[in-house]
A.B. asks: 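Dropping the structure in here first, questions after.
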Number of protein chains: 2
Amino acid sequence: MPDTAGEREESLDVIERELTAFARRARAAAARLHPELPLVSYTLLSHIDDRQGCRATDLAAHYMLDKSTVSRQIATLEKLGLVERHPDPTDHRIQVLHPTEAGTQALASTQASRHAAYQQRLAEWTADDLARFAEYLLRYNAAGGASTPGTGTPL
Amino acid sequence: MPDTAGEREESLDVIERELTAFARRARAAAARLHPELPLVSYTLLSHIDDRQGCRATDLAAHYMLDKSTVSRQIATLEKLGLVERHPDPTDHRIQVLHPTEAGTQALASTQASRHAAYQQRLAEWTADDLARFAEYLLRYNAAGGASTPGTGTPL
DNA sequence: ATAGGAGAGTTGTAAAAGCCAACCATTGGA
DNA sequence: TCCAATGGTTGGCTTTTACAACTCTCCTAT
């Protein structure tokens, strides 16, 4: 495998194509995985659980979503009894978000099936390959933060 | 790096988390990347260009989309003058898809900015790492097809 | 031949998820 | 004290998708 410019280009193309394909499939797959809990809500709920006491604005920023979108998602989650909103005593603009007992449970069950799916899918891989793949993904995602905001928005 | 079960689990967790993170951000990022060409259509157009003469069903299968979704997307692309449909002479059920001249051009310009984004993002990577990452992604995505249909829908 | 099933696409309908803009309430300085 | 900034909600609208019912074409087994 020579380190030529051509090889590089080719790998880049493959990465671009496959990541895109993955992104396209992800939604469909995730939607089926747990129809009870509306995909996006799951994502947000997961984040709320992760960083207990976060605010709607945090979610919007982290996922590049509009305020209004998050607002409605939260409303849905609350209606489903999965999250609670407590007004911040020190600042009455803020709503502090927490998962309810039911929310924590729903999350656990969803995470379980997700984990099982991955486990099955990657069953054939060697531990070494898994480790390297994991490392590459980490590296790829970590690169996202900085860069020139105006220029190319990396996928 | 010992080949223990613990290592394996850890890698799995990372992969799961990072792929999910990628998927969540992908849409927002992709939407901003090239607002002219309706994002989803871009994906399909790209595939059509890649495998000239593919059918709508191929697209649906590859991206896990419903027939109807693809049908409408194609219709849009055709209305925009970016793809042409030719009836297959040997089988009148089939519509063979080809990009038009305009389609090829639109694609080229979009691909250019996407490619630039990836190039920038992966600039630091060695050719070897890129090659391996590409291979892993291929392997990961390829695994999707078979598996037990009823069981866990892998992300 | 021919009836029935499988495959490719289209259309009707409904829902999810997103954005933008206008809006209200609170807060923390000039 | 007034006013810009911050957090959140609501209204209106578009895009993207799925499911189901339907048409048309092809193939195969009787």
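For clarity, every value in this text was computed on a predicted model and none was experimentally measured. Here is how names work: the chains are called A, B, and so on, in the same order as the sequence lines, proteins then strands, and each is numbered from 1.
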A.B. asks: To the nearest Å, give me how far apart OH (A:Y42) and C1' (C:dA16) are.
C.D. replies: 19 Å

A.B. asks: Can you tell me if the side-chain N/O atoms of B:R85 get under 4.0 Å from OP1 or OP2 in C:dA8?
C.D. replies: no

A.B. asks: When you measure from the side chain of B:D88 to the backbone N and O of B:I94, does any donor-acceptor pair fall under 3.5 Å?
C.D. replies: no

A.B. asks: At their closest point, which heavy atom of B:T100 faces which heavy atom of B:V83, and how far apart are they?
C.D. replies: CG2-C, 3.7 Å

A.B. asks: Go through the structure and list residues passing ring-ring contact (aromatic ring centres under 6.0 Å, His included) with A:H92, not counting sequence neighbours.
C.D. replies: none

A.B. asks: Would you name the heavy atoms of A:L19 and B:L137 that are closest together and state the gap between them?
C.D. replies: CG-CD1, 3.9 Å

A.B. asks: Could you tell me if the ring centre of A:Y140 sits under 6.0 Å from that of B:W125?
C.D. replies: no

A.B. asks: List in numerical order all residues of residues 67-77 of chain B for which some heavy atom is under 4.0 Å away from an atom belonging to DNA chain D.
C.D. replies: B:S68, B:T69, B:R72, B:Q73

A.B. asks: Once you round it to whole Å, what is the distance between C1' of C:dA17 and CG of A:L44?
C.D. replies: 11 Å

A.B. asks: Quick check: are there more than 12 heavy atoms from other residues, nucleotides or ligands sitting under 6.0 Å from CD of A:E135?
C.D. replies: yes

A.B. asks: Measure the distance from CD on A:Q95 to C1' on C:dA25 and round it to the nearest whole Å.
C.D. replies: 12 Å

A.B. asks: For the pair made of CD1 in B:I94 and P in C:dG9, what is the distance, rounded to whole Å?
C.D. replies: 7 Å

A.B. asks: Counting N and O atoms only, with roles assigned by atom type, does the side chain of A:D58 sit under 3.5 Å from a partner on the main chain of A:R55, one being a donor and the other an acceptor?
C.D. replies: yes

A.B. asks: For B:Y63, give me all partners under side chain to side chain donor-acceptor pair (under 3.5 Å), at least two apart in sequence or on another chain.
C.D. replies: B:H47

A.B. asks: So, using ring-ring contact (aromatic ring centres under 6.0 Å, His included) as the criterion, who are the partners of B:H115 when residues are at least two apart?
C.D. replies: none

A.B. asks: Report the residue from A:Q95, A:Q73, A:R85 that forms a side chain to side chain donor-acceptor pair (under 3.5 Å) with A:E78.
C.D. replies: A:R85

A.B. asks: Which whole-number value in Å describes the distance from A:L80 CG to C:dA16 P?
C.D. replies: 11 Å

A.B. asks: Mind calculating the distance between CG (B:L65) and C1' (C:dG9) to the nearest angstrom?
C.D. replies: 15 Å

A.B. asks: Let's see if you get this right: which residues in residues 45-59 of chain A place a heavy atom under 4.0 Å from DNA chain D?
C.D. replies: A:R55, A:A56, A:T57

A.B. asks: So, A:T126 and A:D128: side-chain donor and acceptor under 3.5 Å apart, yes or no?
C.D. replies: no

A.B. asks: Show each protein N/O and nucleotides 26-30 of chain C N/O combination with a separation under 3.5 Å, one pair to a line.
C.D. replies:
{"from": "C:dT27", "atom 1": "OP1", "to": "A:H92", "atom 2": "N", "distance (Å)": "2.8"}

